[in-house]
Amino acid sequence: MATKYSQYRRVEPASLEQRDEPRLRLSITRASVRRHGKTPVDALLHDLSTYGCRLAAGIEADQGERLWLRFDGRMPVAATVVWCLDGMVGCRFDEQIERAMMRALTLRIA
């Protein structure tokens with residue numbers, strides 16, 4: 001239970017990454033986002049793990065909204081919006097992407 005002294009205490013970010021899978025930073029320009037019943041819009045993929053990604057798509061999506069993501073012309077991946085802020089969207093894939101796809105996308109890092 002929080003007291004009046006600890007309730008608004010500033011907390012520093014964790015210095016230890018606690019994700020199950022590593023998140024790789026990359027930039028792939030050939031990504032697109034499609035909302036239900038809409039046409040795809042171009043996006044720039046910034047982070048990728050086998051469970052989710054962060055991308056710049058210039059859209060305002062609601063938390064929990066379903067999207068279809070396509071990376072580098074590959075098959076679409078179903079995802080759910082976890083957060084959206086200033087044109088950046090954080091998504092969790094509905095199913096973990098295959099390691100082969102992850103490897104193919106991350107080998108393109110220049």
Side-chain angles (χ1 to χ4, degrees):
M1 176 197 249
T3 67
K4 73 177 192 176
Y5 298 109
S6 65
Q7 185 175 6
Y8 299 107
R9 182 175 52 111
R10 184 183 171 122
V11 177
E12 295 299 320
S15 60
L16 176 65
E17 179 65 54
Q18 297 179 358
R19 296 177 186 271
D20 290 337
E21 290 288 320
R23 180 180 8 166
L24 301 171
R25 300 203 186 284
L26 56 135
S27 291
I28 297 174
T29 55
R30 294 189 59 208
S32 66
V33 176
R34 185 175 60 83
R35 300 165 99 168
H36 182 70
K38 306 284 184 180
T39 58
V41 296
D42 291 335
L44 179 64
L45 186 62
H46 285 277
D47 291 344
L48 179 69
S49 76
T50 56
Y51 294 102
C53 66
R54 176 175 60 112
L55 48 92
I59 63 170
E60 290 298 321
D62 296 323
Q63 184 176 358
E65 184 176 352
R66 299 283 313 274
L67 301 174
W68 286 99
L69 309 176
R70 187 181 298 259
F71 307 122
D72 201 28
R74 298 178 182 279
M75 292 296 294
V77 176
T80 303
V81 175
V82 177
W83 58 268
C84 182
L85 181 65
D86 299 329
M88 298 294 282
V89 180
C91 296
R92 180 169 181 82
F93 302 135
D94 291 355
E95 294 183 17
Q96 181 179 1
I97 62 171
E98 297 177 10
R99 293 210 182 263
M101 180 183 212
M102 178 84 173
R103 190 174 20 248
L105 291 171
T106 56
L107 287 176
R108 295 178 48 93
I109 299 174

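Fair warning: this is a prediction, and the values are worked out from it, not measured in the lab. The first residue of the sequence shown is numbered 1, and numbering continues consecutively from there.
Phe93 has its side chain within reach of Cys53: a pair of non-hydrogen atoms, C-beta onward, lies under 4.5 Å apart.
For the side chain to side chain contact (heavy atoms under 4.5 Å, CB included) test with Leu55, the passing option among Leu69, Leu48, Leu67, Leu44 is Leu69; the others fail. For the side chain to side chain donor-acceptor pair (under 3.5 Å) with Thr50, the qualifying choice from Glu95, Arg99, Gln96 is Gln96, the only one to do so.
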**Message:** Checking Arg35 against Glu65 for the side chain to side chain contact (heavy atoms under 4.5 Å, CB included) test, could you report, in this order, the C-alpha distance in whole Å, the side-chain angles of both residues, the deciding distance, and whether it holds?
**Reply:** CA-CA 8 Å; Arg35 300 165 99 168; Glu65 184 176 352; 2.8 Å; yes

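Listed by chain and residue number, nothing satisfies the salt bridge (Lys or Arg N to Asp or Glu O under 4.0 Å) test with Glu98 (two or more places apart in sequence, or in another chain). Residues meeting the side chain to side chain donor-acceptor pair (under 3.5 Å) test with Glu60, sequence neighbours left out: none.
Across Ala43 and Val33, no two heavy atoms sit closer than the pair CB-CG2, 3.8 Å. Of all non-hydrogen atoms in Met101 and Met75, the two that sit nearest each other are CE-O, 4.2 Å. Closest approach of Met102 to Ser49, counting heavy atoms only: CE-CA, 3.6 Å.
Hydrophobic clustering of Ile, Leu, Val, Met, Phe, Trp and Tyr side chains at less than 4.5 Å, counting indirect connections, keeps Val81 apart from Trp68. By the rule that hydrophobic residues join a cluster once side-chain heavy atoms approach within less than 4.5 Å of another member, Phe71 and Val82 end up as members of separate clusters.
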Quick one: side chains of residues 83-92, donor-acceptor pairs under 3.5 Å with protein atoms, not counting sequence neighbours, listed by atom name and distance.
none

